[in-house]
Amino acid sequence: MNKYRSHNCNELRKKDVGGIVHLSGWINKKRDHGNLLFIDLRDNYGVTQCIIDKDNSNFSKLEKIQLETVIRVKGKVLDRSDETINKDIQTGEIEVVIENFDILGSCKELPMPVFSDQEYSEEIRLKYRFLDLRRKKIHENIILRSKVISFIRSEMNKLGFLEFQTPILTSSSPEGARDFLVPSRLNPGKFYALPQAPQQFKQLIMVSGFDKYFQIAPCFRDEDARADRSPGEFYQLDLEMSFVEQENVFEVVEKLMANTFKKFSKKKLMFDEFPKISYEDALLKYGSDKPDLRNPLIINDITEIFTRDDISFEIFKKLVKSGSKVRCIVTKNTKDKPRSFFDNIDKWAKEQGASGMAYFTIVKDKEISAKGPVGKFFSKEALIEIMNKTNAKEGDSIFFACNKQKELEKITSMARDKIAKDLDLIDQNIFAFCWIIDYPMFEKDEQTNKIKFSHNPFSMPQGDINKINFDKPLDILAYQYDIVCNGIELSSGAIRNHIPELMYKLFSVAGYDKEQVDEKFSGMINALSYGAPPHGGIAPGIDRIVMLLANEKNIREVTMFPMNQNAQDLMMNAPSEVNENQLKELNLSLKLKK
RNA sequence: GGGGGUGUAGCUCAGUUGGUUAGAGCGAUCGCCUGUCACGCGAUAGGUCGAGGGUUCGAGUCCCUUCACUCCCGCCA
């Protein structure tokens with residue numbers, strides 16, 4: 001036994017009754033009966049009830065002690081009578097009668113209570129994160145995170161992957177997110193960048209012949225935060241494999257995800273084999289390349305139907321003529337839903353910046369007709385065609401919107417979520433994984449109208465590489481894939497392009513000449529010229545995996561020391577100003593915007 | 001960069017149509033209480049109503065500006 005404890009606070013059981021023990025921990029809660037005082041002593045492992053009465057000379061000192069003070073108690077383990085057993089804690093059959101105690105760490109008045117299920121403002125939680133982290137729920141989330149990471153690590157080891165560290169100070173690269181820059185003292189005027197991901201390094205590891213690599217890798221991107229996106233930094237399970245095709249990567253990741261999610265959650269997996277959905281299909285059917293497959297609603301394109309003469313919905317017909325599309329969502333058996341249900345969705349759509357959502361319900365008296373504000377614009381025959389096209393039946397309702405494709409995808413995707421939520425169609429006890437595959441290599445930049453890489457410039461284009469038609473770059477698909485779970489993008493990956501000549505060609509399509517590629521990606525392109533194996537990989541986001549497993553909607557709930565939305569660490573006061581000398585040494589001067 | 005929400009005691013919140021001295025629970029302090037486990041009871045302290053300006057006889061409440069936190073859009077190969 002060391003001087004602080006003979007047992008932890010979750011260790012004592014009936015068999016220990018009669019023993020003299022030392023416990024150390026935080027005062028979780030006091031219940032003061034005047035002549036009898038209960039103290040719940042807490043540590044990482046659990047809680048033990050300690051008790052002292054007024055006959056003990058320490059009584060009045062303990063009575064005055066602040067919650068969250070760290071104390072050591074010495075006492076005798078006592079059996080609890082049947083009526084006083086507490087089934088909610090594992091040590092509930094016993095209690096410790098305090099003989100004496102020492103204060104190991106005193107505590108000022110608390111800015112926030114630790115023993116409480118209440119919600120607190122992020123500001124106070126982040127400022128006093130060390131207190132926040134003592135609280136049960138988040139304490140357990142962080143422990144879960146640790147266990148998940150160590151499980152993943154051991155699974156990867158078992159699969160023959162080797163773990164390597166890659167540099168944190170590296171070079172800035174074009175494409176992708178904003179870099180965090182670090183000025184170099186020894187190289188005035190030059191900057192390192194923190195890696196947005198160890199992308200190039202892991203490919204170099206393959207070129208170096210290590211075959212299978214993984215790392216729980218910190219990634220840094222200077223972009224704005226979201227609930228599921230930490231500002232600044234996050235962690236990926238970065239992995240890369242040599243001599244593989246897409247399917248080989250899927251096999252590894254699918255097994256790893258299934259094992260991890262089965263081990264750490266009671267929720268069921270919707271699919272044992274993850275469905276593969278092409279990017280094009282995903283955008284049509286779900287309006288998004290990160291569909292939540294728990295949601296049964298599917299989007300249908302009914303643009304063509306609006307060219308019929310027996311539809312007199314002139315606003316949509318006019319928009320369709322000028323290139324807009326019409327897409328719809330069918331809700332099953334909603335004919336008896338109140339008017340407010342439909343109007344709310346229309347109103348909601350307007351709030352999202354769309355022109356609203358039209359709707360009608362298909363009813364049949366003698367003949368099929370459409371009930372609802374715009375129902376009168378549709379003939380019986382047109383309705384039957386819509387029903388055929390969308391699988392809608394009598395009693396179902398159809399919500400539809402008209403817009404240019406991209407905006408339409410956005411609003412129908414959000415409507416799919418909104419309607420499913422309103423109708424309570426999503427089973428919360430399921431994880432629905434899927435692969436999104438066949439991403440296009442390039443896309444058109446909306447603002448500049450230029451061709452740019454749609455995902456990763458290092459991806460391998462699909463098909464026979466000698467027959468690629470570079471004149472139609474938007475038609476080139478890549479061996480590029482995402483894994484999605486419950487509408488959250490966990491990861492993207494690709495089979496890489498390991499052929500320098502092909503790389504130059506693809507970069508030239510995106511507007512980079514050979515010199516620029518050589519300069520920006522010198523390490524990579526040079527390495528690929530000295531015998532590179534075909535290789536590919538992926539990088540699932542650790543924070544998001546833990547978030548799903550912990551059933552949390554916010555990534556800060558599974559991050560030990562997160563920054564706030566403005567990328568500030570309120571506890572450590574980062575970022576902070578630096579003194580003139582530091583700047584001078586780095587050859588920097590500040591020119592702040594007013 | 002844009003839009004929404006929130007901001008009242010240390011913490012979580014209530015505060016009506018603009019109307020007297022801004023309330024409650026938890027926490028703190030003091031007192032009572034020997035079987036609680038969210039112990040109970042009584043008392044006390046604690047407020048720049050985020051900040052600034054305006055309207056008004058009168059503003060926590062209405063208007064304008066601004067700040068902070070948060071959610072979303074943009075952004076995130």
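To find a chain, count down the sequence lines: A is the first, B the second, and so on, and within it residues start at 1.
As rounded to the nearest Å, U70(B) and C13(B) have P atoms that lie 15 Å from one another. For the C1' atoms, the distance from G46(B) to A38(B) is 23 Å, rounded to whole Å. Using atom P as the reference point in both C63(B) and A68(B), the two lie 22 Å apart (nearest Å). Nucleotides U61(B) and G42(B) place their C1' atoms 35 Å apart, quoted to the nearest Å. With both ends at atom C1', the span from G15(B) to C76(B) equals 43 Å, rounded to whole Å. Distance noted for atom C1' between U44(B) and G7(B): 29 Å (whole Å). The gap from the P atom of C69(B) to that of C26(B) amounts to 31 Å, rounded to the nearest Å. On the P atoms, U21(B) is 46 Å away from U36(B), given to the nearest whole Å.
Across the protein-nucleic acid pair, L67(A) atom CG and G27(B) atom C1' stand 8 Å apart, rounded to whole Å. Regarding K553(A), its NZ atom lies at a distance of 16 Å from the C1' atom of C72(B), rounded to whole Å. Per the geometry, CZ belonging to R125(A) stands 13 Å off C1' belonging to C11(B), to the nearest Å. For R178(A) and G74(B), the CZ to P distance is 14 Å, given to the nearest whole Å. At whole-Å resolution of the value, CD1 in I51(A) and P in G35(B) are 10 Å apart. The distance between atom CD1 of I89(A) and atom P of C37(B), rounded to the nearest whole Å, is 12 Å. C71(B) atom C1' lies 13 Å from atom CZ of R229(A), rounded to whole Å. In this structure, D417(A) places its CG atom 15 Å from C1' of C71(B), rounding to the nearest Å.
Listed candidates were C75(B), C30(B), C33(B). Nearest to the side chain of K64(A) is C30(B). Among the nucleotides U70(B), C71(B), G35(B), the one closest to the side chain of L126(A) is U70(B).
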So which protein N/O to nucleotides 42-44 of chain B N/O distances come out below 3.5 Å?
none

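The residues E240(A) and R496(A) are annotated as salt-bridged, a charged nitrogen and a carboxylate oxygen being separated by less than 4.0 angstrom. Between D16(A) and R13(A), no side-chain nitrogen of the basic residue sits less than 4.0 Å from a carboxylate oxygen of the acidic one, so the salt-bridge criterion is not met. Under a 4.0 Å N-O distance rule, the pair E223(A)/R178(A) qualifies as a salt bridge. Here R294(A) pairs with D292(A) in a salt bridge; the nearest charged N to carboxylate O distance falls below 4.0 Å. Between D40(A) and R31(A) there is a salt bridge, since at least one side-chain N of the basic residue sits less than 4.0 Å from a carboxylate O of the acidic one.
Residue contacts for F115(A): at a heavy-atom cut-off of 4.0 Å it reaches the sugar-phosphate backbone alone, with no base atom in range. Nucleic acid contact class of E119(A) (heavy atoms, under 4.0 Å, all strands): sugar-phosphate only. N564(A) comes within contact range of the sugar-phosphate backbone alone, with a heavy-atom separation under 4.0 Å but no base atom that close. F38(A) comes within contact range of at least one nucleobase, with a heavy-atom separation under 4.0 Å. In this structure, E123(A) reaches the sugar-phosphate backbone alone: every heavy-atom distance under 4.0 Å involves primed, P, OP1 or OP2 atoms, never a base. Within 4.0 Å (heavy atoms only), S121(A) reaches sugar-phosphate atoms of the nucleic acid but no base atom. Residue-level contact check: P111(A) touches the backbone only, with heavy atoms under 4.0 Å from sugar-phosphate atoms and none from bases. Here S454(A) lies in heavy-atom contact (under 4.0 Å) with sugar-phosphate atoms only. Q568(A) comes within 4.0 angstrom of the backbone, heavy atoms only, and of no base. Counting non-hydrogen atoms under 4.0 angstrom, N28(A) reaches nothing in the nucleic acid.
When each of L110(A) and P457(A) is assigned the nucleotide of RNA chain B bearing its nearest heavy atom, the one mapping closer to the 5' terminus is L110(A). Between M414(A) and Q565(A), the residue anchored nearer the 5' end of RNA chain B, judged by the nucleotide with its closest heavy atom, is Q565(A).
When the shell of 6.0 Å around OH of Y45(A) is examined, it contains 12 or fewer heavy atoms from other residues, nucleotides or ligands. More than 12 heavy atoms of other residues, nucleotides or ligands sit less than 6.0 Å from atom CD of E99(A).
A donor N or O paired with an acceptor N or O is not found under 3.5 Å between the base of U70(B) and the side-chain atoms of R226(A). With hydrogens and angles ignored, no donor-acceptor pair closer than 3.5 Å exists between the side chain of R31(A) and the base of C33(B). A donor-acceptor contact under 3.5 Å is not formed by the side chain of R221(A) with the base of C76(B). Judged by distance alone, with hydrogens and angles left aside, Q49(A) brings a side-chain donor or acceptor within reach of the base of U36(B), the pair sitting under 3.5 Å. Evaluation of atom-type donor-acceptor distances gives no pair under 3.5 Å for the side chain of Q66(A) against the base of G27(B).
For F507(A), the ring pair (Phe, Tyr, Trp, His ring centres under 6.0 Å) criterion is met by F453(A), Y512(A), F521(A), not counting sequence neighbours. Applying the side-chain contact (heavy atoms from CB on, under 4.5 Å) rule to L474(A) yields the partners F442(A), I451(A); only residues at least two apart in sequence or on another chain are considered.
Between K29(A) and G27(B) there is a side-chain polar atom (N or O) within less than 4.0 angstrom of OP1 or OP2. For C26(B), the OP1/OP2 oxygens have no side-chain nitrogen or oxygen of Q118(A) closer than 4.0 Å. When the side-chain nitrogen and oxygen atoms of N566(A) are compared with OP1 and OP2 of C69(B), one or more of them lie within a distance under 4.0 Å. Here R544(A) does not reach the OP1 or OP2 of C76(B): none of its side-chain N or O atoms lies under 4.0 Å away.
Using the Watson-Crick or G-U wobble rule with both distances under 3.5 Å, G46(B) pairs with nothing in any strand shown. When both pairing distances are held under 3.5 Å, C41(B) makes a Watson-Crick or G-U pair with G31(B). Pairing for A68(B) is with U6(B), a Watson-Crick or G-U wobble pair whose two hydrogen-bonding atom distances lie under 3.5 Å. Base-pair partner of U36(B): not found among the strands shown (Watson-Crick or G-U wobble, both distances under 3.5 Å). Nucleotide G1(B) forms a pair with C73(B), judged by Watson-Crick or G-U wobble geometry with both contacts under 3.5 Å.
Side-chain atoms of Y439(A) and D289(A) include a donor-acceptor pair closer than 3.5 Å.
For the atom pair D43(A) CG and C9(A) SG, the distance stands at 3.5 Å (nearest 0.5 Å). Expressed to the nearest 0.5 Å, how far CD of Q480(A) lies from CE of M460(A) amounts to 13.0 Å.
Remark: ring of H33(A) stacked against base of C39(B); centroid gap under 5.5 Å, plane tilt under 30°.
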